[in-house]
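It should be emphasised that the depicted structure is a prediction, and the values quoted were computed from it without experimental measurement. Residues: numbered from 1 along the sequence shown.
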Amino acid sequence: MGEAAADVAGSYDGFFGVGECKGQVEIDGEQVPLVLTPTSQEVSGNHEALVAALLANREWVEEKVVTNSAVLLRGFGVRDAVEFDAIVDTLGWPDIRYVGPAPRTHIHGRIWTANEGPLEEFIYYHHEMVLIKEFPGKVILFCEVPPPEGGETPFVPSFRVTERALKEFPEMVEELDAKGLRYTFTALSKDNTQSMRGRGWEDAFATTDKAVAEQRARALGMDVEWLPEERGVRTILGPRQLTRVFPGRNGRRMWFNTVVGMHGKELSSATFADGSEIPADFVKRCGEIIEEESIQFRWEKGDVLILDNLATLHGRRPSGAPRRVLVATCK
């Protein structure tokens, strides 16, 4: 038994074993993601036993999420949103309401659908709610219906992107961090599920009153400009940092931004805080680095994936239908 497996078995009295998954990598001696599996047929598919084990060892689980950046619970037969919600509640991390452009539907308790945009579209890598003042510490995903093909949820160790960008563009990285970033995003009034960024401002701010929406936008750290002829609203966010260092993560400098995802797009922009343009070749190369560092995680039915949102970007590959992945966002 390897050191990691012995650690897991010792912590859970043999309840969990350590497995492997396609795309898994080793970073600084740790498996990413750490795959926890049943040690016996009696444990496999036993949702109540899984909940009890998580409850008894919540601090250990959180430690592993931070150490490994991602923990995958596989083979425990989690069946639906109700059982997934029980797992989320058991982990004990406070809920945080999603704010962002993705169209989503509430399912049960703290559980929502993941981005309901067209499955054929690629959802670009991002830290969840990276531009909002209060963002999740963890993103927990559950696969209720795995896609027949494609539909992976790739994720990226964020600090690796910063390390490589600093090697290739040291002056630009430091300049962007020193001067800050400014983002804009345009949202329509109503939801449009034909777009992966189709969430309307009425849903996002939970109101149809523009004055209330403005108050809630300011509380989240953004300004708004109302577009003429009821064409929606432009949100303005900034200044924001390019990278951040969070406690407990070995001083790693995370690529905590969405420059590549928003730069030069039809409904969004990313510039220096003063409005000057970020060089397109820098943005293009950073996008290549992010892709090169991605871990191509593929879903199996019943999987629960816990991501450290402070340390990983994640996305969604184009997918065949059906695909149903649910999500909870936690502090």
Next on the checklist: Can you see whether W93 has K331 sitting over its ring - NZ or CZ less than 6.0 Å from the centre and within 45° of the normal?
Outcome noted: no
Before accepting this row, confirm whether a basic side-chain N of the pair [X]/[Y] lies closer than 4.0 Å to the acidic partner's carboxylate O.
X	Y	result
E121	R316	no
K190	D203	no
E116	R104	no
K64	D308	no
R253	D177	yes
D85	R110	no
R58	E62	no

Checklist entry - F272: what forms a ring-ring contact (aromatic ring centres under 6.0 Å, His included) with it, not counting sequence neighbours? => result none
Checklist entry - Are the ring centres of F135 and Y98 closer than 6.0 Å? => result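 Here the rings of Y98 and F135 have centres that are no less than 6.0 Å from each other.
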Item to check | Centroid-centroid distance, F155 to Y125, less than 6.0 Å | outcome: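 Between F155 and Y125, the centre distance exceeds or equals 6.0 Å.
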Checklist entry - Sequence neighbours excluded, which residues qualify as side chain to side chain contact (heavy atoms under 4.5 Å, CB included) partners of R97? => result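 Listed in chain order: V99, R199, A206.
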Item to check | Partner residues of A49 under the side chain to side chain contact (heavy atoms under 4.5 Å, CB included) criterion, sequence neighbours left out | outcome: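 With sequence neighbours excluded, A49 shows a side chain to side chain contact (heavy atoms under 4.5 Å, CB included) to F15, N46, given in chain and number order.
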Next on the checklist: Side-chain heavy atoms nearer than 4.5 Å, only ILVMFWY residues, links allowed to pass through others: does that put I289 and L181 together?
Outcome noted: yes
Item to check | Residue list, salt bridge (charged side-chain N to carboxylate O under 4.0 Å, His left out) with D209, at least two apart or on another chain | outcome: none
Item to check | Test salt bridge (charged side-chain N to carboxylate O under 4.0 Å, His left out) applied to R317 - qualifying residues, sequence neighbours left out | outcome: E291
Checklist entry - Which pairs, with at least one residue in residues 211-220 and sequence neighbours excluded, count as a side-chain hydrogen bond (donor to acceptor under 3.5 Å, both in side chains)? => result E214-W226
Checklist entry - Taking the six-membered ring for Trp, are F282 and F169 parallel (under 30°), tilted (30 to 60°) or perpendicular (over 60°)? => result perpendicular
